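Throughout, a chain's letter reflects where its sequence line sits, starting with A, and its residues are numbered from 1. Just so it is clear, the structure is predicted and the values come from calculations on it, not from any experiment.
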Protein chains: 2
Amino acid sequence: MTELASFDIFMRTAFGVEPAARAGLQLKAMAEAKCLGPHEEAPLGKRESNVLYIGSGATKLAARASDNREQIVAFHFGGDIFSVPADDLHSYSVSSLEPTSLLVFPARPFFDCASSDPRISRALLERQRTALHRCRDKAVALGQKNALERLAGFLFAMADRIGTGSGVRRILDLPMSRRDIGDSLGLTIETVSRQLGALRKAGLIETHGRSRIVVRDLNDIAHLSGHCGKSERTEPIEADFDLDQCERLPVGVARPQTGGQS
Amino acid sequence: MTELASFDIFMRTAFGVEPAARAGLQLKAMAEAKCLGPHEEAPLGKRESNVLYIGSGATKLAARASDNREQIVAFHFGGDIFSVPADDLHSYSVSSLEPTSLLVFPARPFFDCASSDPRISRALLERQRTALHRCRDKAVALGQKNALERLAGFLFAMADRIGTGSGVRRILDLPMSRRDIGDSLGLTIETVSRQLGALRKAGLIETHGRSRIVVRDLNDIAHLSGHCGKSERTEPIEADFDLDQCERLPVGVARPQTGGQS
DNA sequence: CGACAAGTTGAGGTCGTTCAAAGAACGTGG
DNA sequence: CCACGTTCTTTGAACGACCTCAACTTGTCG
């Protein structure tokens with residue numbers, strides 16, 4: 001019953017296809033519904049890739065590098081569809097950040113079936129493209145940006161995905177811990193905390209409790225994130241920030257990874 | 001004429017579909033054939049995403065972070081299909097590493113058309129999934145691995161994609177420069193050179209000229225790359241390498257990004 | 001063979017990490 | 001409703017990997 005309901009919502013909201021369509025019935029046959037507690041790993045067959053749909057809640061997709069090294073590859077929220085790689089070079093896992101309901105499909109038959117319906121395959125191609133572009137932007141951040149830029153980029157992305165509020169002010173109720181943020185950005189929790197502290201002291205954000213972060217002006221955060229594309233959403237900020245008026249801060253858009261200060 | 005020929009090859013090898021099929025004719029109408037010299041940027045409309053097919057040659061897909069910071073997101077070789085993001089958070093570009101012939105499609109109509117043919121959409125979904133998994137593995141490397149592991153992972157991946165030779169010994173004729181390798185791994189060319197030198201002194205690789213690298217035993221490289229999945233292709237190497245017998249080397253599988261030694 | 005580009009090697013500096021401890025936030029039970 | 005204990009977060013000091021700067025060497029092409 002609950003499985004039926006969530007699957008039908010999945011078909012309609014994700015693809016705009018009635019669950020009674022032929023492809024819908026086939027997909028339903030291979031769907032498996034799960035409910036996860038606050039911090040629980042989704043049970044997946046690691047031997048083959050899976051496709052997941054998040055009905056509600058929030059999850060992290062993480063890869064193990066070795067003993068104590070975990071890289072969070074993506075966060076996912078209600079309505080997201082994404083594929084989880086089978087264990088190959090790295091071992092991947094999906095864990096909930098809060099109570100979460102999701103659907104699990106085996107990837108190969110899922111895609112086999114999905115490609116039979118143009119509406120579904122078109123939607124999936126688009127979602128995969130989005131996922132790939134997000135992952136590439138993450139690679140740029142991990143490869144070329146310093147801690148402050150990475151954190152600003154994270155806040156900017158989260159504001160876009162789960163932020164509330166209007167205008168340039170955004171309220172973020174982050175379901176992930178500092179450790180998760182660090183694991184996502186390739187930083188330690190201490191560095192995350194230090195950079196958040198710097199942003200707070202600079203007056204760019206407020207923190208309330210553990211999970212709420214208020215972005216005072218999203219444009220400030222966007223400029224700090226070192227993005228470099230056409231997205232000049234407003235006129236450049238004046239005077240390039242006087243972050244250093246508050247603290248010993250890496251001023252301006254800093255260097256590649258670390259190193260010199262100019 | 002040349003355009004026709006390369007497009008037909010594209011349809012047959014990439015999708016196993018005859019170019020005369022309905023979708024084939026539509027795709028052909030939007031295809032644009034290009035030939036690039038040794039080091040040339042592909043002319044792309046940056047306003048919208050593109051899909052590229054590499055007929056022959058080799059290219060790098062790079063993102064600009066700011067003035068002097070370039071992150072190579074992926075390398076592509078003959079037969080590859082991939083999408084190039086429109087300029088958004090970062091500005092992306094495709095450049096040849098050697099003389100290259102390619103086809104350029106505008107992404108939206110390409111996917112619109114592709115999804116109408118199950119064979120094409122199925123193949124594209126699979127290729128996108130591969131690209132996404134590669135990008136995720138790259139994110140793990142950039143976020144969690146040290147210079148030696150990243151370089152080993154790079155050699156391992158290149159051996160898999162363009163390596164020649166049989167058994168555990170592989171010959172790599174790399175079309176990319178040290179700078180490209182560095183930009184791909186989030187390292188400087190000096191660090192790349194130093195780590196290559198370390199591998200050479202450890203007897204794990206040979207370098208001949210600028211572009212040829214011979215991997216003596218691919219398993220050694222695989223183990224050094226810090227991968228952590230089911231891919232235990234052979235029995236673990238004995239004694240965990242005596243790299244330090246040769247030089248002052250970060251021994252063992254080192255720590256997350258930098259820092260302490262234990 | 002000669003010149004320029006690409007790669008290598010060395011010395012010193014910085015950012016982020018590691019180790020360590022204090023401080024705040026949240027859940028529990030009285 | 002408030003005290004307590006655990007967990008998460010913040011802050012501090014010192015180390016190390018990688019970067020920067022600079023000079024030298026090698027490879028490649030005209």
Considering only heavy atoms from C-beta outward, does the side chain of [X] approach that of [Y] to under 4.5 Å?
| X | Y | answer |
| --- | --- | --- |
| A:Thr207 | A:Arg212 | no |
| A:Glu149 | A:Leu224 | no |
| A:Val215 | A:Glu206 | no |

Check the distance between [N]'s [atom2] and [X]'s [atom1] and give it to me in whole angstrom.
| X | N | atom1 | atom2 | result |
| --- | --- | --- | --- | --- |
| A:His39 | D:dT6 | NE2 | P | 20 Å |
| B:Leu185 | D:dC18 | CG | P | 12 Å |
| A:His208 | D:dT9 | NE2 | P | 17 Å |
| B:Arg179 | C:dG7 | CZ | P | 9 Å |
| B:Leu97 | C:dA6 | CG | C1' | 15 Å |
| A:Glu149 | C:dC15 | CD | P | 12 Å |
| B:Arg212 | D:dT28 | CZ | P | 11 Å |
| A:Leu199 | D:dT10 | CG | C1' | 15 Å |

Check: [X] side chain, [N] base, donor-acceptor under 3.5 Å:
| X | N | result |
| --- | --- | --- |
| B:Arg178 | C:dG7 | no |
| B:Gln195 | D:dC18 | no |
| B:Arg194 | C:dG10 | yes |

### Query
Among A:Arg150, A:Lys138, A:Gln71, whose side chain to side chain donor-acceptor pair (under 3.5 Å) with A:Ser184 holds?
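Of the listed residues A:Arg150, A:Lys138, A:Gln71, the side chain to side chain donor-acceptor pair (under 3.5 Å) partner of A:Ser184 is A:Lys138.
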
### Task
Could you check whether B:Arg200 gets within reach of a base, just the sugar-phosphate, or nothing at all, counting any heavy atom under 4.0 Å?
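Counting heavy atoms under 4.0 Å across all strands, the contact made by B:Arg200 is with sugar-phosphate only.
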
Does a side-chain N or O of [X] approach OP1 or OP2 of [N] to a distance below 4.0 Å, or not?
| X | N | value |
| --- | --- | --- |
| B:Thr188 | D:dC19 | yes |
| B:Ser193 | C:dG7 | no |
| B:Ser177 | C:dA6 | no |

Closest to the [X] side chain: [options]?
| X | options | result |
| --- | --- | --- |
| B:Asn146 | D:dC18, C:dG10, D:dA13 | D:dC18 |
| B:Glu190 | C:dG10, D:dC18, D:dA13 | C:dG10 |
| B:Ile189 | C:dG16, C:dT18, C:dT8 | C:dT8 |

### Message
Looking at B:Glu40 and B:Gly37, would you say the former's side chain and the latter's main chain have a donor-acceptor pair under 3.5 Å?
### Response
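The answer is yes, because a donor-acceptor pair under 3.5 Å joins these two groups.
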
### Message
Judged by each residue's nearest nucleotide on DNA chain C, which is more toward the 5′ side, B:Gly209 or A:Ser211?
### Response
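Looking at the nearest nucleotide for each, B:Gly209 comes out on the 5' side.
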
